[in-house]
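Below: the structure, in C-alpha cells.
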Amino acid sequence: MNRTVLITGASRGIGAAAARLFGENGYRVAIGCYKGIDKAQQLAASLPDAEVFSADIADEAAVNQMIESVSSRFGAIDVLVNNAGIAMQKLFTDTTAEEWMRIFNVNVTGMFYASRAVLPGMIHRKTGRIINISSMWGQTGASCEVAYSASKAAVIGLTRALAKEVGPSGITVNCVAPGVIDTDMNQALNEQDRSVLCEETPLERLGTAEEVAQAILFLASDQAAFITGQVLGVNGGFVI
C-alpha cells in the first residue's frame with residue numbers, strides 16, 4: 001500500500017488504537033503527540049514503519065514544522081487524522097475565558113492548522129483523506145461540558161464545509177463522532193456514572209478505542225472513496 005497517515009494525539013486512546021490499526025494494514029504511521037512521548041515511542045517501536053513527531057497542536061509554527069518533518073521522513077501525507085483533543089467537565093458559569101480558548105485552540109484551531117498544512121500537497125496530487133474526530137456531544141450537547149460540546153460541534157461544521165471546498169480536488173473530508181468510549185479521557189467518570197451511561201446506550205456497554213479506529217480506517221480506505229462531508233457515529237446507538 002505504501003500510504004502515509006499522520007494521526008495527531010496518537011500516544012493513547014483512540015489515536016493509539018488507530019495508529020496500531022493503520023500500521024497493521026501497511027501504512028507508514030506518523031504518530032503525532034505533545035505529551036506522553038514515552039508511550040508514543042513504545043507504540044512506534046511496535047509497528048513496522050512508524051515514527052513519533054512531537055508538537056503542540058495549538059501552536060501554528062510547531063504544527064507546520066511537524067508536517068514538514070513527516071513529509072521529509074515518509075513523503076507525501078495521504079491521510080490526516082485530526083484526533084488531538086482535550087475535554088473539560090465544568091459549569092458554564094465557572095468556565096474561564098482562558099479555559100474556553102484552550103479547548104477551542106486544541107480541538108478546533110489545531111485541526112485548522114494541520115489540515116491547512118497538508119492540503120496544498122493533497123490538492124496538487126488530486127487525492128487525500130482528512131478524518132476529523134468529533135464527539136456525540138458535538139451533535140447533541142452535554143450539560144457541564146459546554147466548551148467541549150461547542151468545540152466538537154465546530155469540528156462537524158468544519159468537516160462539512162471543507163468537504164465541499166476540496167471535493168473538486170479529489171479529497172474527502174469526514175468526521176467520526178464517538179460515543180462513550182473506554183479511554184483515559186473517561187477515566188474520571190465514577191462507576192455510577194459509567195453504569196448510567198451504559199444503561200443509556202442501547203448496546204448497554206462502553207465502546208472501545210479499537211472500534212472507533214475501525215471506523216477511521218474505513219473512511220481512509222478506497223471503499224469510502226465516494227463518502228465525504230459525513231459524520232459517522234460510533235456510539236452504540238446513544239445518538240440516532
Side-chain angles (χ1 to χ4, degrees), residues 1-37 39-85 106-125 127-134 155 158-159 162-163 166 169-176 209 212-222 224 228:
M1 179 174 288
N2 296 323
R3 292 179 181 173
T4 296
V5 59
L6 167 60
I7 305 170
T8 66
S11 65
R12 61 179 185 169
I14 292 169
R20 281 190 292 269
L21 189 60
F22 274 92
E24 291 167 0
N25 280 270
Y27 282 78
R28 296 180 291 247
V29 183
I31 299 172
C33 71
Y34 182 44
K35 299 178 180 178
I37 292 178
K39 287 185 178 180
Q41 290 175 337
Q42 291 173 9
L43 175 60
S46 71
L47 299 175
D49 193 5
E51 189 168 320
V52 176
F53 299 86
S54 179
D56 179 357
I57 201 68
D59 183 328
E60 181 181 7
V63 172
N64 289 338
Q65 180 58 56
M66 176 178 67
I67 300 298
E68 289 179 11
S69 297
V70 173
S71 299
S72 296
R73 170 66 173 83
F74 290 125
I77 296 171
D78 302 289
V79 180
L80 169 64
V81 180
N82 283 310
N83 171 72
V106 173
N107 294 359
V108 186
T109 306
M111 193 171 291
F112 161 70
Y113 291 150
S115 299
R116 189 180 59 175
V118 303
L119 272 171
M122 290 182 175
I123 292 169
H124 177 74
R125 296 187 304 275
T127 185
R129 299 278 194 272
I130 297 177
I131 300 154
N132 301 322
I133 309 304
S134 181
V155 169
L158 184 156
T159 297
L162 187 59
V166 300
S169 295
I171 300 161
T172 66
V173 186
N174 288 292
C175 181
V176 175
V212 181
Q214 288 285 354
I216 296 169
L217 180 67
F218 166 69
L219 290 173
S221 72
D222 293 338
T228 194

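Predicted, not measured: the structure shown is a model, and the values here were computed from it. Residue numbers count from 1 along this sequence.
For the residue pair Ala163 and Thr228, the shortest heavy atom distance occurs at CB-OG1, 3.5 Å. Across all their heavy atoms, Cys175 and Val155 have their closest contact at SG-CG1, 4.3 Å. Between Ser169 and Ile123, the shortest heavy-atom distance links the atoms OG-CG2, 3.8 Å. Here the closest non-hydrogen pair linking Cys33 and Ala40 is SG-CB, 3.8 Å. Of all the heavy atoms in Asp49 and Phe74, the pair that sits closest is OD1-CE2, 3.4 Å. The two atoms that bring Asn64 and Ala117 nearest to each other are OD1-CB, 3.8 Å, heavy atoms only.
Taking CD of Glu51 as the start and CZ of Arg73 as the end, the distance is 5.0 Å to the nearest 0.5 Å. Note that OG of Ser46 is 12.5 Å distant from CD of Gln41, once rounded to the nearest 0.5 Å. To the nearest 0.5 angstrom, Met122 atom CE is 7.0 Å from Ile77 atom CD1. Once rounded to the nearest 0.5 Å, the distance linking CG of Leu80 with OG1 of Thr4 reads 12.0 Å. Rounded to the nearest 0.5 Å, atoms CG (Leu162) and CZ (Arg116) are 12.5 Å apart. Between Phe112 atom CZ and Asn82 atom CG the span is 12.0 Å, to the nearest 0.5 Å.
Judged purely by distance below 3.5 Å, without hydrogens or angles, the side chains of Ser69 and Gln65 pair a donor atom with an acceptor atom.
In this structure the side chain of Val79 never reaches within 4.5 angstrom of the side chain of Ile216, judged on heavy atoms. The shortest distance between side-chain heavy atoms of Arg129 and Leu219 does not fall below 4.5 Å. You'll find the side chain of Ile57 reaches within 4.5 Å of the side chain of Val63, heavy atoms only. The side-chain heavy atoms of Tyr113 and Thr109, taken from C-beta on, include a pair separated by under 4.5 Å. Between Leu43 and Ser11 the shortest side-chain heavy-atom distance does not fall below 4.5 Å. A heavy-atom distance below 4.5 Å is found between the side chains of Asn132 and Met111. Put simply, the side chain of Ile130 reaches to within 4.5 Å of the side chain of Leu119, judged on heavy atoms. Taking 4.5 Å as the limit, some side-chain heavy atom of Leu217 sits within range of a side-chain heavy atom of Tyr27.
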message: side-chain contact (heavy atoms from CB on, under 4.5 Å) for Ile67 and Leu6? Distances and angles first, verdict last.
response: CA-CA 9 Å; Ile67 300 298; Leu6 167 60; 3.4 Å; yes
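Looking only at distances, a side-chain donor or acceptor of Thr8 sits under 3.5 Å from a matching main-chain atom of Asn83.
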